[in-house]
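Below is one structure, written out as structure tokens; the observations come after it.
The figures that follow rest on heavy atoms only: side chains count, while hydrogens, waters and symmetry mates do not. Residue numbering restarts at 1 for every chain, and letters A, B, ... go by the order of the sequence lines. Here the structure is a predicted model, which means the values were calculated and not measured.
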Amino acid sequence: MMTEAVEFALIAALAYVALLFALAWIVDRRAAQNRMRWLRSPIVYTLSISVYCTSWTFYGAVGSAVRGGLEFVTIYLGPTLMFVGWWLLLRKLVRIGRVYHITSIADLISSRFGKSEVLGVLVTLIAVAAATPYIALQLKAVTTSYQVIAGIPLDRIDFRAGFWVAVGMAAFTILFGTRTLDANERHHGVVAAIALEALVKLLALVAVGVFVVFGLFEGPGHLFAHAPEGYLHSEDVFGPRWITLIVLSAAAVVCLPRQFQVVVVENENERHLATASWLFPAYLFLMSVFTLPIAIAGMTLLPGHGDPDMFVLTLPLQAEAEALALLAFLGGFSSATSMIIVSSIALSTMVSNHIVAPLAVRLFRHRTRASGDVRGLLLTSRRIAIGTLILFGFLYFRVSGQSDALAAIGLIAFVGVAQFLPSIIGGLYWPQANGRGALWGLGAGFVVWMYTLGLPSLEDGGPLGPETLLYGPFGIGVLKPEALLGLDGLDPLVHATFWSLTANTLLFILGSLSRAPRPLEWLQARQFVDVFRGGGLGAEPAGPRFHRTATSEDLFILAQRILGAAPAHDLFETFARRQGLAQGLPLPTPELIEDLERRLAGSVGGASARAMMAQVAGGEEVSIDELVSIADETARIMRYSQALERKSEELETTARQLREANARLREIDRQKDDFLGQVSHEVRTPMTAIRSFSEILRTSDDLESEQARRFVTIIHDESLRLTRLLDEILDMRVVERGEIPINLEPIEPDAVLDQAVQTCEGLRGAAAVRITVGAQAGPVRVAADPDRLRQVFINLLSNAVRHNDKDPVEIAVESRVVDGVSYEAVVSDNGPGVAPPDRDRVFSLFSATWTRAGEKGAGLGLAISRGIMHRMHGDLTLDDSPPGTGARFRVTLPVTTEDPPP
Amino acid sequence: MRPPAPAGESDPDRAAGAAAPLDPPGPPGTAPRRWRDLAILLPVFGTLLLMPPIVALTVPGGMLWGIPAIVLYLFGVWALLIVTAALTAAALRSAPEDDA
């Protein structure tokens with residue numbers, strides 16, 4: 001029986017769908033001309049995230065509020081917490097998604113764990129298993145709501161509405177959702193339609209809510225006064241199920257394939273996430289703020305009037321607000337269709353990239369390769385996958401539509417996709433996590449989920465029969481699906497979540513620890529875990545590279561097959577320009593191969609891109625040690641800090657040396673000042689004498705010749721002293737510059753020593769001097785200048801005499817050969833010796849000891865002597881001796897075997 | 001942050017601001033650090049407030065403006081989270097990207 005209302009709802013729905021098609025078509029066209037900038041705003045991004053709110057939440061939240069009070073809120077609180085905490089997880093996910101061109105959640109997990117194809121398939125299977133009933137649920141919601149608004153009794157389901165919605169959405173998605181192969185390129189038409197639908201469902205729900213609170217009741221106080229006795233006053237709701245639901249919904253807002261698609265894959269700008277971090281929770285807030293009022297109003301005004309899930313629709317109908325009812329219907333319709341569209345896009349990408357593409361790589365290895373053939377194949381497979389998925393959804397609805405099984409499917413799907421969470425979190429923060437761990441964890445989680453939740457949701461326990469549910473398989477009670485290991489008395493959802501996530505996490509960790517990561521796994525782990533350390537966006541992701549070789553032609557052909565001819569051409573032109581080439585193909589550097597693989601991964605997924613690249617460029621052959629040595633963060637930091645330490649040590653040494661040199665310079669400077677002072681003084685004394693005596697000679701006429709002669713003698717002596725002084729200064733300068741001529745010849749040093757001793761015996765003055773010649777080295781030869789060596793010995797002997805206050809002066813001379821390689825002569829005396837602080841200074845040119853010696857005219861001798869000895873490759877040193885025991889000077893010279901000249 | 005003072009010689013703030021900025025930016029990276037820490041802690045606070053046992057504390061509470069206290073509590077915490085997140089996001093968005 002077709003009534004007017006039916007036709008009107010039908011027309012409205014059709015018009016609405018037509019509007020969506022038109023909007024998508026126009027936006028797609030205009031976006032191609034780059035005129036749709038508002039589509040790239042954070043608000044549109046946030047609205048597209050709201051595909052989270054499906055018809056299950058649009059209609060079902062009220063039903064849930066009727067049955068469980070405040071429990072419905074958990075489905076929104078989980079996502080709120082996840083988005084409010086975007087800085088922790090979402091930000092990293094989005095960054096990785098953008099840097100590594102992640103195409104889906106299956107691609108994320110497969111790429112992270114060594115671009116594993118098996119993981120891609122497993123994740124795709126779990127996602128499809130969770131999403132197909134979910135799509136069925138949307139079709140059921142649309143069908144039911146259509147029947148409600150059209151006045152068709154609900155006891156028989158009219159599948160036609162569901163069927164046509166399925167067909168319409170499949171057409172829409174295929175038409176606007178498979179325009180491009182690159183998942184990171186947004187489908188602008190789809191985005192615009194989703195954003196419109198998000199606004200419609202929000203507007204519809206808020207309108208119904210306002211109508212209920214202020215139209216049907218007189219404000220919130222009045223409304224809550226009508227709540228059933230004890231409603232909202234039970235603490236039971238805040239139990240394990242509350243916690244479980246918040247955790248599950250928080251996981252779902254990331255792990256649901258459609259959520260991952262809108263949040264990560266289609267993100268265009270990381271800053272949009274910052275806006276969504278509060279705007280999306282605000283959207284959810286508005287979506288749920290009227291849920292309780294609608295539920296209470298339904299319970300009050302529609303006692304026993306059917307399905308509480310349909311209160312959003314039945315309340316306006318009851319109040320004869322038909323326009324509002326129609327708006328509510330369109331809101332529910334929007335939530336259902338937007339979910340179907342985005343889900344099927346996300347799932348079809350996964351199916352084509354992780355199931356079809358790997359098969360194609362294997363099957364068509366030896367086929368001829370045409371430009372764009374892979375692209376065509378994948379796009380076709382995506383279109384077929386979209387149709388198939390929606391068809392499966394419809395069939396599922398058709399088969400189980402009469403039962404209540406579908407109602408629970410939303411949460412069952414949440415538990416299913418929550419199995420991705422351990423792998424994602426572990427993969428993003430734990431570098432040791434590897435493919436085996438992910439495979440074990442996901443596999444176990446999937447099996448436990450199916451067994452504890454999927455199986456009981458089927459009618460009569462599905463293929464295993466109802467006995468299994470009651471008594472366990474083969475009567476083994478421990479394995480009862482809803483009381484695993486005897487864990488009884490829990491809500492089935494809590495039970496299933498607990499066991500599946502526990503098994504999943506445990507096996508994920510154990511599997512990861514059970515073997516070392518493979519090189520590619522290790523590399524991917526580094527790149528994902530350290531994504532914020534690899535430099536900002538746009539920069540090349542840092543890190544090691546595999547060294548693969550391929551010809552530019554092969555790479556170009558590969559790019560053409562996947563991207564199509566024109567885009568591949570453009571891409572390679574960009575590459576060539578970046579390499580500074582004016583024309584032709586770019587050079588096939590490892591950087592280029594990696595960059596190309598990353599771009600291809602944006603179309604076919606990481607695992608397939610790697611497999612295709614391997615056919616062209618060969619596999620990655622590198623040991624993990626090599627990778628570790630070049631890229632390990634810790635090693636890099638250690639090396640850096642070691643280098644720093646070395647540098648700072650160097651600096652410290654240099655600074656110390658500089659300080660020492662400075663001190664030396666100051667000392668020398670001081671000595672020089674002393675020296676100049678002394679020299680002036682020493683020069684001045686004889687000059688004064690000479691001047692005064694010559695003055696007397698010049699002015700006095702009556703000098704006796706005897707006296708005059710004495711004066712002239714004094715003048716003469718003083719002039720001699722002056723000359724000697726100047727000679728010594730001159731000599732010292734010469735030695736200092738190494739300009740003394742020294743002729744080395746093999747001589748017997750003892751002979752020179754004896755001569756010197758004899759010479760000095762003639763020098764002795766008033767005091768008695770006793771020179772004792774001790775042991776002698778004997779017939780040994782050294783290379784030396786005999787005259788200079790004699791000068792050194794005489795200098796030492798005369799010093800011993802002059803700087804001595806004893807009477808008699810005793811000098812001991814002895815010589816020997818040390819180790820057969822050096823000759824050593826020691827001159828010691830019984831004088832006061834040299835005080836320890838002066839030991840070094842006696843050898844310096846401007847020594848203060850010069851003062852005392854100056855009078856006797858031999859202060860510079862030691863410095864000159866040491867200079868001479870150095871020139872002869874020997875040395876002159878002063879032994880350490882206790883004060884008061886006299887000085888011991890030691891002359892050393894290397895022994896030579898040369899014969900003396902004939 | 002203070003908005004830049006409008007041009008004009010008579011504006012006393014401007015002169016003071018030129019001599020010594022009233023809200024000097026810290027060394028690079030320190031100004032948004034407090035916000036970043038808040039961004040990390042926000043979900044922790046939220047979880048604490050929305051999970052038992054704290055969330056159940058207001059259940060026996062009476063009505064406020066005719067609305068049960070637990071409802072006001074839940075939606076109040078929710079709104080608070082949204083507002084704080086909005087402030088945090090605004091602060092972090094203007095901050096330079098990247099951290100370890």
Side-chain angles (χ1 to χ4, degrees), chain A residues 42 69-70 73-74 76-78 80-89 91 95 219-225 227 231-240 242-243 246-247 250 270-286 288-289 292-293 530 532-533 535-537, chain B residues 29 32-100:
Chain A
L70 280 166
V73 152
T74 54
Y76 302 101
L77 289 183
T80 298
L81 290 175
M82 187 57 96
F83 268 82
V84 159
W86 63 291
W87 194 264
L88 289 174
L89 179 66
R91 197 172 64 104
R95 171 68 66 90
H222 184 227
L223 182 132
F224 276 101
Y231 186 63
L232 301 180
H233 283 279
S234 162
E235 289 184 31
D236 295 344
V237 71
F238 304 111
W242 176 273
I243 300 172
I246 289 188
V247 171
E270 278 176 38
R271 284 166 185 240
H272 291 175
L273 187 62
T275 305
S277 76
W278 63 272
L279 199 55
F280 179 60
Y283 183 94
L284 295 177
F285 184 93
L286 287 178
S288 56
V289 78
L292 271 183
D530 297 333
F532 286 113
R533 271 175 245 179
L537 272 176
Chain B
R33 183 160 295 167
R34 287 172 296 133
W35 287 106
R36 200 175 61 203
D37 291 353
L38 183 63
I40 291 168
L41 287 175
L42 200 55
V44 179
F45 290 143
T47 311
L48 203 68
L49 293 174
L50 295 174
M51 287 283 187
I54 291 182
V55 72
L57 291 181
T58 45
V59 172
M63 300 277 200
L64 209 61
W65 308 299
I67 301 171
I70 176 68
V71 177
L72 288 178
Y73 174 77
L74 273 180
F75 283 87
V77 169
W78 195 347
L80 194 72
L81 284 178
I82 292 169
V83 171
T84 319
L87 293 175
T88 314
L92 286 174
R93 221 155 35 129
S94 57
E97 262 296 310
D98 239 335
D99 61 311

Enter the distance from [X]:[atom1] to [Y]:[atom2] here, rounded to the nearest 0.5 Å.
X: A:Leu223; Y: B:Ile67; atom1: CG; atom2: CD1; result: 9.0 Å
X: A:Phe285; Y: B:Ile82; atom1: CZ; atom2: CD1; result: 6.0 Å
X: A:Phe238; Y: B:Leu57; atom1: CZ; atom2: CG; result: 10.0 Å

Which atoms of [X] approach chain B - backbone, side chain, both or neither, heavy atom under 4.5 Å:
X: A:Leu292; result: side chain
X: A:Tyr76; result: both
X: A:Val289; result: both
X: A:Leu88; result: side chain
X: A:Leu70; result: side chain
X: A:Thr74; result: neither

Over all atoms of both residues, closest heavy-atom pair of [X] and [Y]:
X: B:Ala89; Y: A:Ser277; answer: CB-OG, 3.7 Å
X: B:Pro68; Y: A:Phe224; answer: CD-CD2, 3.4 Å
X: B:Ala85; Y: A:Val84; answer: CB-CG2, 3.9 Å

Please tabulate, for the side chains in residues 69-78 of chain B, all donor-acceptor contacts under 3.5 angstrom to protein atoms that are two or more places apart in sequence or on a different chain.
unit_1	atom_1	unit_2	atom_2	d
B:Tyr73	OH	B:Leu49	O	2.8
B:Trp78	NE1	A:Thr80	OG1	3.1

Side chain A:Trp242, main chain B:Leu50, donor-acceptor under 3.5 Å: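 Pair found, side chain donor or acceptor close to backbone of B:Leu50.
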side-chain contact (heavy atoms from CB on, under 4.5 Å) involving B:Leu48 - partner list, sequence neighbours excluded: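 For B:Leu48, the residues satisfying side-chain contact (heavy atoms from CB on, under 4.5 Å) (neighbours in sequence not counted) are B:Ile54.
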